[in-house]
Participant: 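This is the structure I want to talk about, given as structure tokens.
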Number of protein chains: 2
Amino acid sequence: MLRLTKKADYGLMALKYLAEQADLAEKAGADLHLTGARSAKDIAEAYHIPPQLLAKILQTLARAGILVSHAGTNGGYALARPAATISTFEVIRAIDGPLFITSCITIHGACDLAGHCTIKEPLRKVNDSITSLLSGISIADLAEPVDHLPAAMAGGLVSIER
Amino acid sequence: MLRLTKKADYGLMALKYLAEQADLAEKAGADLHLTGARSAKDIAEAYHIPPQLLAKILQTLARAGILVSHAGTNGGYALARPAATISTFEVIRAIDGPLFITSCITIHGACDLAGHCTIKEPLRKVNDSITSLLSGISIADLAEPVDHLPAAMAGGLVSIER
DNA sequence: CGATGTACGACCGAAATGGTCTTGCTTCCC
DNA sequence: GGGAAGCAAGACCATTTCGGTCGTACATCG
């Protein structure tokens, strides 16, 4: 249940990586017009993921305004904004699309089963809770050792085993 | 993203329905050994969902100990416990299986990509938050008009449009 | 015994997912 | 200017998952 796709996984990993690069570049005082830009291939190699697939993911991220791309030799991708201002929610939505927790809630909020689906209201709230949870977590939060996560993440630690 | 399957949807709807039936039966003082038992076909008709599919879902729930079944004429399914003690999490897990938010976290907690997946730790916490969120919502919460949901559901209402 | 209903496994088509290939266009550097 | 490095984008494909159906077997009540 509640699985996010491998693409989203990859996307988050790549963003985290780029965030670290940007951080390093900044600390080194580098005067690159694109601080910490890295090619899709580099990132793919770092994490052992299919380069072509990652490329496609990065492209969609760039289209969504989360990354900026730079073609040509020594080109690559870099964060379009500071890592702290990019939420995981935004990323996931850009990659996986605006899907909802319940199949019954469409884009227009209408239920296929007009009247007889009384379950959707409470579930919509669950949905909202999750979105706000994800919205509260930025790429920067992923990049740094996470001991103190945003308040949104408070909550029991239910252990899940089969 | 974060979609739960139609089966889980159906399962929750059916449980809600059964919870209401049990409630009615109790109020009427009925002395049924199985209070509010309903056949799969009845429920399916009430919500316009494929009867055979629902039957299979109910069987799964019965195997999970959430429902009790009674074969034969006038048989059917009823809640095995009070609706307030059945969490949505439990239901979803029974139907969809113990899947995790990130594909990288397996049952054994091991990551395919041994070392180089540094994203999983924070995501695991998100995962835990969601589980505890769902654990805090019972079937009874779904059945009654939901104005005051459990505290776990506090959180911003982020509106999501395409 | 027969009607009603659960139990369960095999099966199937459609859609989503994960991934590859090809082709084209930009930019840098020699 | 001409490569080489790199992004852009779309067609394409294999595999899995999902939603749903069918058939058969078994239980129970009247």
Side-chain angles (χ1 to χ4, degrees), chain A residues 1-11 13-14 18 32-34 37-45 47-64 66-78 80 92 95-100 102-104 112-113, chain B residues 1-11 13-14 18 32-34 37-45 47-78 80 92 95-99 102-104 112-113:
Chain A
M1 59 144 201
L2 296 178
R3 197 175 65 247
L4 59 93
T5 66
K6 242 173 194 168
K7 287 186 195 176
D9 262 4
Y10 292 160
M13 287 164 67
L18 286 174
L32 306 156
H33 38 272
L34 289 173
R38 287 312 197 101
S39 79
K41 211 186 73 182
D42 285 356
I43 306 176
E45 275 170 9
Y47 290 106
H48 300 92
I49 52 188
Q52 314 230 45
L53 180 56
L54 181 62
K56 219 158 54 170
I57 296 170
L58 295 180
Q59 283 163 29
T60 58
L61 251 25
R63 236 174 290 134
I66 294 170
L67 291 179
V68 287
S69 64
H70 193 225
T73 317
N74 273 329
Y77 295 91
I92 294 170
I95 297 177
D96 283 350
L99 300 181
F100 294 93
T102 166
S103 17
C104 135
D112 312 9
L113 319 168
Chain B
M1 61 146 197
L2 294 177
R3 198 174 64 246
L4 58 94
T5 64
K6 241 173 194 167
K7 287 187 198 175
D9 262 5
Y10 292 160
M13 287 164 66
L18 286 174
L32 305 157
H33 38 272
L34 289 172
R38 287 312 198 101
S39 78
K41 210 186 75 183
D42 285 356
I43 306 177
E45 274 169 11
Y47 290 106
H48 299 92
I49 53 187
Q52 314 230 45
L53 180 55
L54 181 62
K56 219 159 52 171
I57 297 169
L58 295 180
Q59 283 162 28
T60 313
L61 290 177
R63 235 173 292 135
I66 294 171
L67 292 179
V68 287
S69 64
H70 194 226
T73 316
N74 274 329
Y77 295 91
I92 294 171
I95 298 177
D96 283 350
L99 300 181
T102 165
S103 16
C104 135
D112 311 8
L113 319 168

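On a predicted model such as this, the values are computed, not experimentally measured, just so you know. In what follows, chains are A, B, ... by sequence order, proteins preceding strands, each numbered from 1.
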Participant: OG1/A:Thr60 to CD1/A:Ile95 distance, rounded to the nearest 0.5 angstrom?
Facilitator: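 Result: 5.5 Å between the selected atoms.
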Participant: Figure out the NZ/P separation between A:Lys6 and D:dT17, and round it to whole Å.
Facilitator: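 Whole-Å distance recorded here is 10 Å.
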Participant: Whole Å only: how far is the CZ atom of A:Arg3 from the P atom of C:dA16?
Facilitator: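 My rounded result for the distance is 14 Å.
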Participant: For a quick check, with a 4.0 angstrom heavy-atom cut-off, what is the B/S/- contact string for nucleotides 5-10 of chain C, read 5' to 3'?
Facilitator: SSBB-B
Participant: If I take atom CG in residue A:Leu61 and atom C1' in nucleotide D:dA8, what distance separates them, rounded to the nearest angstrom?
Facilitator: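 Rounded to the whole Å, the gap is 15 Å.
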Participant: Report the distance from atom CG of A:Leu54 to atom CD of A:Glu45, rounding to the nearest 0.5 Å.
Facilitator: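 Going from CG on A:Leu54 over to CD on A:Glu45, the span is 11.0 Å.
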Participant: To the nearest Å, how far apart are B:Asp96 CG and D:dC18 P?
Facilitator: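 Answer to the nearest Å: 7 Å.
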Participant: What integer distance in Å separates A:Tyr47:OH from C:dG19:P?
Facilitator: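 In whole Å, C:dG19 P lies 17 Å from A:Tyr47 OH.
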Participant: Can you confirm whether B:Leu58 sits close enough to B:Ile43 that some side-chain heavy atom of one is under 4.5 Å from a side-chain heavy atom of the other?
Facilitator: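 They are in contact (side-chain heavy atoms under 4.5 Å apart), so the answer is yes.
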Participant: Below 4.5 Å, heavy atoms only, C-beta onward: do A:Lys56 and A:Gln52 meet side chain to side chain?
Facilitator: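 No, side chains not in contact.
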Participant: Please report the interatomic distance CZ(A:Arg3) to CG(A:Asp9), rounded to the nearest 0.5 Å.
Facilitator: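 One finds 10.5 Å between CZ of A:Arg3 and CG of A:Asp9.
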Participant: To the nearest angstrom, how far is B:Leu53 atom CG from C:dC12 atom P?
Facilitator: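 Distance check: B:Leu53 CG to C:dC12 P gives 18 Å.
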Participant: When the distance from CD1 of A:Ile49 to P of C:dG19 is rounded to whole Å, what number comes out?
Facilitator: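 In whole Å, C:dG19 P lies 9 Å from A:Ile49 CD1.
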Participant: Once you round it to whole Å, what is the distance between P of C:dG19 and NZ of A:Lys7?
Facilitator: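 About 9 Å, once rounded to whole Å.
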Participant: With rounding to the nearest 0.5 Å, note down the distance linking CD1 in B:Ile57 to OG1 in B:Thr5.
Facilitator: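 One finds 7.5 Å between CD1 of B:Ile57 and OG1 of B:Thr5.
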